[in-house]
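First up is the structure itself, then whatever we jot down about it.
These figures come from a predicted structure and were not determined experimentally. Residues: numbered from 1 along the sequence shown.
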Amino acid sequence: MAVNGLMHKLFASGVAERRATDIAFTDGFGTYITRYASSNPASIGTVNGWREMLGSFDSNLSSLTSDEISLIIVLLDRYLVSGGNATAKS
């Protein structure tokens with residue numbers, strides 16, 4: 001899996017952004033995912049549910065592979081655990 005390719009997709013779709021010393025999920029994506037998960041909790045239990053959610057945020061994300069979606073979930077978990085400070089150091 002090409003992580004750089006995935007990051008490009010996330011930047012282009014407004015899911016993530018570069019900051020001074022790190023990469024972070026955007027506030028807009030954070031708001032969207034919180035609302036989506038609150039109203040559709042069962043859907044985020046599967047890769048296809050995540051694909052549907054991401055695709056409804058930006059249609060270009062509906063074609064992500066299962067590996068790419070799994071990596072997004074790991075990055076999001078790390079981001080939330082770190083208090084929203086960083087997904088990965090640049």
To check you understand the geometry: which heavy-atom pair defines the closest contact between [X] and [Y], and what is its length?
X	Y	result
Phe11	Ala16	CD2-O, 3.4 Å
Asn60	Asp58	N-OD1, 2.8 Å
Ala24	Tyr79	CB-CE1, 3.8 Å

Report yes if some heavy atom in the side chain of [X] is under 4.5 Å from a heavy atom in the side chain of [Y]; otherwise report no.
X	Y	answer
Tyr36	Ser43	yes
Ile44	Ile33	no
Met7	Leu75	yes

What distance separates [X] [atom1] from [Y] [atom2], expressed to the nearest 0.5 Å?
X	Y	atom1	atom2	result
Arg51	Thr65	CZ	OG1	7.5 Å
Arg78	Phe25	CZ	CZ	11.0 Å
Asp22	Glu17	CG	CD	9.0 Å
His8	Ser13	NE2	OG	9.5 Å
Ile72	Trp50	CD1	CH2	8.0 Å
Thr46	Asn48	OG1	CG	5.5 Å

Does the plane of the ring in Phe57 sit parallel, tilted or perpendicular to the ring in Tyr32? Use 30° and 60° as the thresholds. tilted
Please lay out, stage by stage, how Asp67 and Leu6 fare under the test side-chain contact (heavy atoms from CB on, under 4.5 Å). CA-CA 10 Å; Asp67 286 342; Leu6 174 60; over 6 Å; no
Matching residue for Leu10 among Ile23, Leu71, Val15 - test: side chain to side chain contact (heavy atoms under 4.5 Å, CB included): Val15
According to a 4.5 Å side-chain heavy-atom criterion applied to Ile, Leu, Val, Met, Phe, Trp and Tyr, with indirect links allowed, do Leu76 and Val74 form part of one hydrophobic cluster? no
